[in-house]
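For clarity, every value in this text was computed on a predicted model and none was experimentally measured.
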There are 2 protein chains.
Amino acid sequence: MTCSLQELCLPRGLYGHDLERLDALVERQGPHHEGDHLFRIGDKFGAIYAVRAGSYKSYTVDSEGREHVLGFHLPGELLGLDAIYPGHHVCNALALDTATVCILPYTQLSTLASQISGLFTQIMRLMSKDISDTATLAGDFTAEERLAAFLVGLSERFRLRGYSPNEFNLAMSRRDIANYLRLATETVSRVFARFEKDGLIAVDRRDVRLLNLPRLRTLCESMGNPQH
Amino acid sequence: MTCSLQELCLPRGLYGHDLERLDALVERQGPHHEGDHLFRIGDKFGAIYAVRAGSYKSYTVDSEGREHVLGFHLPGELLGLDAIYPGHHVCNALALDTATVCILPYTQLSTLASQISGLFTQIMRLMSKDISDTATLAGDFTAEERLAAFLVGLSERFRLRGYSPNEFNLAMSRRDIANYLRLATETVSRVFARFEKDGLIAVDRRDVRLLNLPRLRTLCESMGNPQH
DNA sequence: ACAACTTCTTGATCTAGGTCAATTTCCGGT
DNA sequence: ACCGGAAATTGACCTAGATCAAGAAGTTGT
C-alpha cells in the first residue's frame, strides 16, 4: 500500500521491492482522539512513529509540575527519535485532534536499514533535521520574533503538505503555543493582537491568515534559516 | 590503532575485525590552534568529526551579525551531524584551545554502517542523544538555573572522560558561556560571583571548583534530567 | 617594564515580558 | 436555550535580566 505522505516520510527515495519490504513492517495505530497519549515518559522504547493524519504535541513535565511543550508534529513527521539513545521515552506525546500514526518497530527497522542503503540515508537525514530544528528555539529572541518564526514555520510545513501556506487552522491552544515559545499566554495573545493591528495577519480564534508573509519572514530572519 | 576514547565515541560496542574496518576509514586532522576553524557555514558536508583532544565550539552568525553559540564539544563527542540533512554545514566550528579530531568520511561510514549492525545502532544512539540534548537549553529558565545546569553538565562530561568532576578548567570565555546560555556576559559574571558568595563554587578566572554539587543539582533539576 | 588590548567585574538604570486580576468569548452538556 | 467552565483577551503593575558605563585585572608585544 502506498501512503500519500511517501515523499515526506521514511519511504522517500525508496521504490519497488524496497518500498514493499518497509511497508511490510509498518503497523497503523489509531485513530487517537484529542488528549489521547501516543506514549508517555518512561515507556520502553520499541518503535518510531510517523504521523499519518492530525497532529500531536510532545511535552515533558518538570520536577515542579510545570509542563514544557517540546514540539508539534504534523503528518509526515517522525516522533520518538529521542528515545533511541536512552531506550525509553523521555517525553510524552498526545493527540491534539483526531490523529493516526504509522508504527515502525525499531529492531526490524534497523535490520532493514542495514540492507537498504537508501533507508539508512533517509533515517540519518531525518534525524539530522531534527537536530538542527531543535536548535531554532533556543535564543534570546523577542516575543515578536518567536511568534513570527512559529507562524512562518507552520506555513512552510503546511505548504509542503499541499495545504495553503497563507491560511490554516491551529490545532493547538494559545497556552500550548505560549508554552512552546517560552512565553506567557498573555504575551502570545498580545502579540497576535499586535500582528493583526499591523496588518500582518488576520486571526479569528484558531483560524489564521497570513496577510504579509514577507514582513513576517523579515521579523524572524535573525533566528537563522527559519525553516527547512 | 585503538583510541582511548573508544568507550565514548563511535567504536563503542565494536570489537576485533569490525573495529579495524572502522579504524581503516578514519583520518586524523590537526592539531588546530585556538581560533582555527574546523568547518564553516556553507561548507559541503563530507564527514562527521569526532573530537580527540581539546575542545571546539559551534556557532552561527545571524543576519544582524550577532553570534550564537550552539554548543561546546569535548573529546569523544561528534560534530557535524546537523549537516547530513541539508548536505552542507549549517554552523561554524572552531577550536577553543589546541585540539584535534578524527574525520569520518560519511559515504564510507554509511556503507560500513549497513554492514556492521552495531555501528548503525551506535550512530543512531549518538544522534538520538544529540536530539534530546539540544532541547535542554530552550526554556524559560533563570540565570541561576542555566549556569548551574551548565556547570553540572560540564562536571558530568569531565567525569565520564576520567577527569575530576569537581575541579576543572573552562576552555571558553565568559562571553561564550553567556552567549551559549542566552544571557549577558555581565549576568554570567554576577551569577558566578553569587554562587561563590553562597559557597557553591570557588572560581578563579577559568578555574572552577564545585564545592556543593548536590545544591547545584537541586538548582537545575527543574530543567529536566540534567545530563545523560 | 610599559603600553595597548582584551576580558572580566561591578554599579546604576531601563524595559520586555511575566504575574495578577478582571472580563469576555466560546463550547459542551443537560 | 441556559448554564458552567475553559480559553482567550485586556489592563495595571512588577521583577529579572539587559543595557549602559566605568573600572580592575590579565595578556601580549616591543
With heavy atoms under 4.0 Å as the rule, sort [X] into base, sugar-phosphate or nothing.
X: B:Arg146; answer: nothing
X: B:Ala184; answer: base
X: A:Thr142; answer: sugar-phosphate

Q) Does any non-hydrogen side-chain atom of A:Arg161 lie less than 4.5 Å from one of A:Glu77? A) yes
Quick one: does [X]'s side chain have a donor or acceptor within less than 3.5 Å of a partner on [Y]'s backbone?
X: A:Glu145; Y: A:Thr142; result: yes
X: B:Thr185; Y: B:Arg175; result: no
X: B:Asn92; Y: B:Ile41; result: yes

(Q) If you take any heavy atom closer than 4.0 Å to DNA chain C, which residues from residues 186-205 of chain A end up in contact? (A) A:Glu186, A:Thr187, A:Arg190, A:Arg205
Q | Rounded distance in Å - CE (A:Met172) to C1' (D:dA6) | A | 19 Å
Q) D:dA6 C1' sits how many Å from A:Asp176 CG, rounded? A) 13 Å
**Q.** Where chain B begins and ends its contact with DNA chain C, read 5' to 3' at 4.0 Å from heavy atoms
**A.** C:dC8 to C:dA12
(Q) Taking 4.0 Å as the cut-off, does a side-chain nitrogen or oxygen of A:Arg206 come that near to OP1 or OP2 on D:dA8? (A) yes
Q. Are B:Tyr56 and B:His32 an aromatic pair by the rule of ring centers under 6.0 Å?
A. yes
Q) Does the ring center of B:Tyr59 lie less than 6.0 Å from the ring center of B:His68? A) no
Q.
Between A:His73 and A:Ser58, do the side chains contain a donor N or O and an acceptor N or O under 3.5 Å apart?
A. yes
Q) Could B:Lys57 and B:Phe72 be counted as a cation-pi pair, given that NZ or CZ must be under 6.0 Å from the ring centre and within 45° of the axis? A) no
